[in-house]
**Q** 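Below you'll find the structure I mean.
Bear in mind the structure is a predicted one, so any value in this text is a computation, not a measurement. Throughout, a chain's letter reflects where its sequence line sits, starting with A, and its residues are numbered from 1.
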Amino acid sequence: MFERLLVDSQMALPILGWAILAILVLMIKICTRGVWLPLFATVIGLIGLIFYSATHLNSGAQDLFHGALKMDSSFYLFNLIGLGIHLAVVLMLIPGLERTSKIFKVSYEQFPELLICLLFSGFGLSVLIAASDLSTLFLGLETLSIGVYCLCGFYRTEIRSTESAFKYLMIGAFSTVLFLYGLAFVYGATGATNYSQIQSIIEQSHLAHQPLLMIAVAFLIAAFAFKLAFVPFHLYVPDVYEGAPTPITAYLATVIKVGVIAAAFKVFWGFFGSLADYWEPFWMTLCVLSILLGNILALQQKTLKKLLAYSSISHSGFLGLAMVLTHPGVGTTYPLMAYLVVYSAVTLGLFSSISFLENREQVFLVEDLKGLGQKRFWTALFIGIFILALAGLPPFAGFMIKFWILEALIEQHHIGVAIAAICGSVIGAAYYLRILMLMFMSEEQGSASEWVVLKDRLYVLRLIVFLAAILSLVGGMRPQLYADWILSALALK
Amino acid sequence: MENSQIVFFIFSALILVTAGLVAFRPRPVESAMWLILNFFLTAGLYVLLGSHFVAVIQVLVYAGAIMVLFVFVILLLNLDPRELGTDSSVSWGSLILFVAFLSFILLSLHVTTPELLEKMPPIKAGSTFGTVEALSKTLLTDYIFGFEMAGVILLLAIMGVGLLAYRKINNPRIVNGSERP
């Protein structure tokens with residue numbers, strides 16, 4: 001009994017490592033003053049975990065803790081993406097330490113607490129990805145979300161940040177209720193909490209038409225749609241993204257999507273696979289609505305971060321489509337993984353550039369970018385690369401990932417959905433290109449070129465921007481390079 | 001009549017009485033106190049059914065945590081007794097609606113309960129299902145990961161409160177969250 005527990009804990013090190021690291025940072029914070037030691041421990045720990053996960057990529061599927069967790073090859077890949085994003089976000093937060101304005105001074109005294117919340121969220125993320133039991137699924141999602149609520153309100157003396165945290169907490173609590181209600185219906189209909197048990201019960205006893213399961217599917221779709229910000233459930237996203245600290249906005253736009261899409265993938269194709277006829281049309285409709293309406297609403301935005309929020313809504317639509325396309329037996333998980341990797345990298349790069357330029361005392365308008373190309377050519381150039389990659393124009397990786405999804409859509413005979421997705425992307429190109437026009441073709445000077453930029457002494461922001469730009473360029477020109485890596489990681493199940 | 005049945009009827013009668021007192025006492029604090037008694041009696045019913053754990057949780061969560069919240073809200077609202085009014089009359093419309101709704105629920109329970117009882121698996125004599133011992137055994141073996149994970153959530157929540165609500169104590173100008181004029 002106890003030996004089994006020890007062996008399981010050892011196997012689950014990629015998951016438990018997050019919590020161990022968080023508690024270690026907490027200990028350091030209690031024992032010492034200052035922010036640099038916890039920061040150093042966090043960065044080293046994350047790099048160590050990345051190496052550990054990367055070397056154990058092909059170690060086969062295992063059931064741990066009496067079926068509470070299941071670690072398979074897709075888990076290792078999702079976890080690796082999550083670790084990478086966390087490392088990038090921690091690095092993005094560092095230059096803020098040297099800011100001297102009041103908001104930053106008051107908030108950054110608590111930088112170690114921020115790191116601990118970030119690491120615990122990461123723990124929630126990895127549990128969410130690995131969950132193979134309804135109880136761990138719920139606990140993972142909650143740990144991820146509670147950490148993020150706190151992170152959003154990090155600049156607690158600032159009204160925008162507090163507003164963002166409060167709105168997210170309220171909406172998050174509501175979506176949690178929906179989620180829990182859906183899980184309760186699953187348990188009520190099948191009497192089991194383990195994914196594989198639920199699946200076999202649904203398939204053996206022909207429960208597929210039972211109204212209880214229909215209700216469960218409806219509630220779970222709504223809850224996932226809230227977390228992923230699909231269109232009828234997206235109303236909180238612009239305000240939350242606008243108010244949160246910029247590195248945390250990048251975190252919201254990437255980590256939440258990685259975790260929730262991985263959980264949705266395991267729930268819907270894991271034990272709702274035989275109900276696909278019921279949930280697939282609803283899910284697809286939500287995705288198409290987010291792609292179309294997200295892009296249309298982004299056209300009217302005047303604030304840069306709200307514009308990017310709407311753009312992230314349309315991207316989560318694409319992610320949702322990629323999730324459906326992983327239909328076991330018909331499709332592959334490849335488009336989903338590629339989309340997550342490239343989208344996360346580009347988003348992190350773009351938000352690092354923004355946090356480099358940003359002046360936190362005022363709202364960053366799109367107009368402020370006017371004439372940036374003349375004043376700060378390199379920053380403008382990299383922002384241009386990321387914008388083009390998000391828009392999905394050919395020489396960049398953003399094109400390839402959309403292309404793979406569209407290809408798979410047509411292969412699986414969803415031609416109408418593919419056409420709608422293409423229309424949405426074309427509409428989206430309009431506002432992405434407007435940003436480029438403002439930066440490079442405008443004669444006037446916007447205020448962004450006069451703001452004092454962050455002091456990036458350790459070159460961390462430039463490093464992230466540079467790596468992300470390389471990834472989006474390489475991914476566009478030689479997609480085979482990382483395609484092979486992802487495929488080899490997924491091949492050995 | 002068995003002993004347990006007599007106890008059951010005493011408890012249910014007291015629950016009805018205290019629930020009525022909660023609804024009809026004019027002062028909110030008094031209602032809240034009756035509600036505590038109501039929670040304890042409900043916990044007694046759970047004990048009679050053999051689910052000790054739910055009884056303990058009922059007392060801890062409802063009588064402990066939720067009541068504190070209620071009393072806190074009453075404190076914050078700081079109601080003037082004159083505003084509450086002296087007459088404790090309830091409007092006829094809402095009373096009729098309430099009675100109709102209650103009788104509907106009771107009627108549907110009366111119709112469906114026998115059928116549901118047949119479907120229930122028979123409870124063996126001496127079964128430990130629902131006791132604290134059986135529950136803790138399950139929690140610490142099959143659901144050990146979820147149990148520990150809940151601990152992590154609590155730690156994270158404490159950290160979050162520390163992050164959002166911390167104020168420097170040694171700054172004499174800040175008192176109760178606002179700067180002194």
**Q** Between A:E142, A:Q110, A:E113, which shows the greatest number of heavy-atom pairs under 4.5 Å with chain B?
**A** A:Q110
**Q** Measuring only between side-chain heavy atoms, which start at C-beta, is A:D133 closer than 4.5 Å to B:F145?
**A** no
**Q** So which part of A:T136 gets closer than 4.5 Å to some heavy atom of chain B, the side chain, the backbone, both or neither?
**A** side chain
**Q** Counting only heavy atoms not in A:K70, do more than 12 fall under 6.0 Å of its NZ?
**A** no
**Q** Heavy-atom distances under 4.5 Å only: say whether A:L64 touches chain B with side chain, backbone, both or neither.
**A** neither
**Q** Closest heavy-atom contact between A:I116 and B:M159?
**A** CD1-CE, 3.7 Å
**Q** Is B:I144 in contact with chain A via its backbone, its side chain, both, or neither, using a 4.5 Å heavy-atom distance?
**A** side chain
**Q** What closest approach, in Å, do B:L155 and A:I23 show between heavy atoms, and which atom pair accounts for it?
**A** CD2-CG1, 4.3 Å
**Q** Using the side-chain hydrogen bond (donor to acceptor under 3.5 Å, both in side chains) rule, collect all pairs that involve residues 45-72 of chain B, keeping only residues at least two apart or in two chains.
**A** none
**Q** Tell me the closest heavy-atom pair linking A:L139 and B:M149, and the distance in Å.
**A** CB-CG, 3.6 Å
**Q** Write down the atom of A:C150, the atom of B:G160, and the distance for their closest heavy-atom approach.
**A** SG-CA, 3.3 Å
**Q** List the atom of B:L163, the atom of A:C117, and the distance in Å for their closest heavy-atom pair.
**A** CD2-SG, 4.2 Å
